[in-house]
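Reminder, nothing fancy here: chain letters follow the sequence lines and each chain counts from 1.
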Amino acid sequence: MARTMAAKIWDDHVVAAGEGEPDLLYVDLHLVHEVTSPQAFEGLRLSKRRVRRPDLTLATMDHDVPTIGGRAAADEVAERQMSALEENCRREGIRLYGMGNARQGIVHVIGPELGLTQPGMLIVCGDSHTSTNGAFGALAFGVGTSELEHVLATQCLRQRRPKSMAVTVEGALPLGVTAKDVALGIIASIGVEGGRGHVLEYRGATIRGLSMEGRLTVCNMTIEGGGRAGMIAPDDATFAYLKGREYAPADDHWDAAVERWRALATDPGAIFDREVSIDAARLEPYVTWGTNPGQSVPVTGSVPAPSTETDERALRYMALEPGTAIEAITIDRVFIGSCTNARLEDLRVAASVVRGHRVHPKVRAMVVPGSASVKRQAEAEGLDALFREAGFEWRDAGCSMCLGMNPDILGPGERCASTSNRNFEGRQGRGGRTHLVSPPMAAAAAIAGHLVDVREFN
Amino acid sequence: MEPFTRITGILAPLDRVNVDTDQIIPKQFLKRIERTGFGPFLFYDWRRNGDFILDRPAYRGASVLVTGANFGCGSSREHAPWSLLDAGFRVVIAPSFGEIFKSNSFRCGLLPAELPEPAVRELITLSLQEPGMEITVDLAAERISASGFEAGFAVDPFFRECLLNGWDEIALTLRHEADIARFEAKRSASRLS
């Protein structure tokens, strides 16, 4: 019977399936970070259990880490979490790429760049943006701390088989429209709970035409549309990206791996529980105006009139008047970073907009690379100098102002153009106001001092 | 995990949709390395703004929360259900939940009970009209009842059993040790080495 890619990967990981019970699935790769793991390790200790497969577990530090001043700049509680992770990894024999390590970075950035993330794998992490890894044709989703403890102890996870949703995007992307806009366009179309209960498979020529970095951005935002996992069939672009990476299959295993990976794609005739189509030609650079990622309009648009009490609340929080042109909204801060948009390609695109300009005098702007490796590569290309000379702050890798667990936060009332994934109330700092945009849109806003259509910029 | 069979307690309404986990427990409180002590920080920013509905005297000590669709969307932080539990809640009633929140709730002993939108609306109205009213949530019978209100709800049978018995899910899985070992034997060696 014709199967979807998600079904193939699922079937390949079933350890036990009891009547009426959720399936017991095997986890190929478990990524761990400092914020959601301490209680799981503590639970293991209390029940006198050990980590079953430390060799399939890998940890990094990203959520709490300071992006300036090194570890000494971490506050006491963040330091306690980092020390706890070090101690837990040491005790259990888990590889840790902590602060100062050349491979450290945002967990969803380092998985792909180290070649850890591979097609056909089942990957979990205690973070909702684990869906990012689905860009390689892996089944990857976020889990909570109890499930994380379960994976540590058993290398398995108990899950009900989700439904499948095909999200097909066809057509050439208009100039100035990025993978981020594809993601925001999809969420606007299906709604913030449209994907609930489903694994989303992104398909169609537009998706196939995206770089691996762009595909990671699209899969990353899956959870913002309510889906726990998003995926894209692996193809030559996937294989070319993976080849030669540190943890990718070695040369003598490479051809066999590629052959296996090619068989993962959804079979012709496989039936999805739900199908959605998006016309790429109608996508535009989007800006969110509200407090959830579904509340967006094209940059050429204006703040909409509220149609629900939720909209009214969002407008009050964002201090916006209906009818205001998006381009008339002035900003105080710009954040280029996060697991959504802090890979090398994102920084290159932003830099190409910044070149020859300066950050607006009333704006404080920062670039936070997604990993230590991205930072090194960007510096090798001179992007750091370009950003700094333009007036951007150039920081060390971490989650930073995407969620503001480190000192990088918005002040109350500050308005930010951000390449991150959530514009929730207070997400980037209590009382802070977030407008989600693509990297080039964020760069252009930094220079203009207000939200601006990057297509008209220069 | 503490078994959950049936509780009777005060019903508190939070009439909002898409309440994300950043609202339930803001990130500045995620730095603890314990599972407890999050209760005082539940809905912290909203409480700090004053006149938050759950702080009204009639709703103090509530153990059942009724709220809008997509409750618990956003981040995977289990700190969200922990903070609700720590603040005394044992049940959240909503038309729908964020998937990871729902999964986390089952696993730490907070019951996410789904009722259709009109029934949720009715409960919100009732609890606003009669602040401090009591409600009974019976997981064994899958019934929710209050003065003038009666509804059935359905919970995943596996998690229902786990909650009713207070089972340790890891212990259940470890009974499959032979299956896991067999699966591992046919898998190739570690991919991380």
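With hydrogens and angles ignored, the 3.5 Å screen pairs no side-chain donor or acceptor of B:Arg143 with any backbone N or O of B:Glu150. Judged by distance alone, the side chain of B:Ser63 and the main-chain N or O of B:Arg90 form no donor-acceptor pair under 3.5 Å. A donor-acceptor contact shorter than 3.5 Å is absent between the side chain of B:Ser105 and the backbone of B:Leu111. For the pair B:Ser96 (side chain) and B:Asn70 (backbone), a donor-acceptor distance under 3.5 Å is present. Using a distance-only test at 3.5 Å, with no hydrogens or angles considered, no donor-acceptor pair links the side chain of A:Asp23 to the main chain of A:Val14. Panel note: side chain A:Asn406, backbone A:Val65; a donor-acceptor pair is recorded below 3.5 Å. Formation of a donor-acceptor pair under 3.5 Å by the A:Glu193 side chain with backbone atoms of B:Cys73 is not found in this model. With hydrogens and angles ignored, the 3.5 Å screen pairs no side-chain donor or acceptor of B:His176 with any backbone N or O of B:Leu174.
In terms of heavy-atom pairs under 4.5 angstrom with chain A, the leader among B:Glu34, B:Gln28, B:Arg32 is B:Glu34. With respect to chain A, the highest number of heavy-atom pairs below 4.5 Å among B:Asp15, B:Ile100, B:Asp168 belongs to B:Ile100. Chain A forms more heavy-atom pairs under 4.5 Å with one residue of B:Asp156, B:Val17, B:Asn18 than with any other, namely B:Asp156. The most heavy-atom pairs under 4.5 Å with chain B, out of A:Thr291, A:Thr154, A:Asn292, come from A:Thr154. Contacts with chain A were tallied for B:Gly98, B:Pro26, B:Gly68, B:Ser103; B:Ser103 has the most, counting heavy-atom pairs under 4.5 Å. Heavy-atom pairs under 4.5 Å with chain B peak, among A:Gly226, A:Gly426, A:Pro22, at A:Pro22. When A:His63, A:Glu147, A:Gln159 are compared by the number of non-hydrogen pairs under 4.5 Å with chain B, A:Glu147 comes out ahead. Of the listed residues (A:Gln155, A:Glu42, A:Arg158), the one with the most heavy-atom contacts under 4.5 Å to chain B is A:Arg158. Among the candidates B:Asp22, B:Asn104, B:Thr21, the residue making the largest number of heavy-atom pairs closer than 4.5 Å to chain A is B:Asp22. Contact count versus chain B (heavy atoms, under 4.5 Å) is highest, among A:Ala84, A:Gly197, A:Gly126, for A:Gly197. Ranked by heavy-atom pairs shorter than 4.5 Å toward chain B, the options A:Thr36, A:Leu148, A:Val192 are led by A:Val192.
Neither the backbone nor the side chain of A:Asn88 comes within less than 4.5 Å of any heavy atom of chain B. Contact annotation for A:Thr145: both backbone and side-chain heavy atoms come within less than 4.5 Å of a heavy atom of chain B. No part of B:Arg182 comes within reach of chain A, as not one of its non-hydrogen atoms sits under 4.5 angstrom from that chain. Proximity to chain A is limited to the side chain of B:Phe183, based on heavy atoms less than 4.5 angstrom apart. Only the backbone of B:Phe97 comes within contact range of chain A, with at least one heavy atom under 4.5 Å from a heavy atom of that chain. The part of A:Asp75 that comes within reach of chain B is its side chain, from C-beta onward, which places non-hydrogen atoms under 4.5 angstrom from that chain. Contacts of A:His198 with chain B are made by backbone atoms alone, with heavy-atom separations under 4.5 Å and no side-chain atom involved. For B:Asn49, the parts sitting under 4.5 Å from any heavy atom of chain A are the backbone and the side chain alike. The parts of A:Glu149 that come within reach of chain B are both its backbone and its side chain, each placing non-hydrogen atoms under 4.5 angstrom from that chain. Within the 4.5 angstrom heavy-atom criterion, atoms from both the backbone and the side chain of B:Asp179 approach chain A. For B:Ala80, no part lies under 4.5 angstrom from a heavy atom of chain A. Heavy atoms closer than 4.5 Å to chain B are found in the backbone of A:Gln428, but not in its side chain. Only the side chain of A:Arg422 comes within contact range of chain B, judged by heavy atoms closer than 4.5 Å.
Ion pair B:Glu99/A:Arg160 not flagged as a salt bridge, since none of the NZ, NE, NH1 or NH2 atoms sits closer than 4.0 Å to an Asp/Glu carboxylate oxygen. The pair A:Asp55-A:Arg95 does not meet the salt-bridge criterion, since no charged nitrogen lies less than 4.0 angstrom from a carboxylate oxygen. One finds no salt bridge joining B:Asp55 and B:Arg48 here, because no Lys/Arg side-chain nitrogen approaches an Asp/Glu carboxylate oxygen to under 4.0 Å. Salt bridge B:Glu184/A:Arg53: present, at least one basic N to carboxylate O contact under 4.0 Å.
Taking the ring centre of B:Trp46 as origin, the terminal cationic atom of B:Arg16 falls inside the region bounded by 6.0 Å and 45° from the ring axis.
Between B:His79 and B:Phe38, the angle of the ring planes goes over 60°, which puts this pair in the perpendicular group of the 30/60° scheme.
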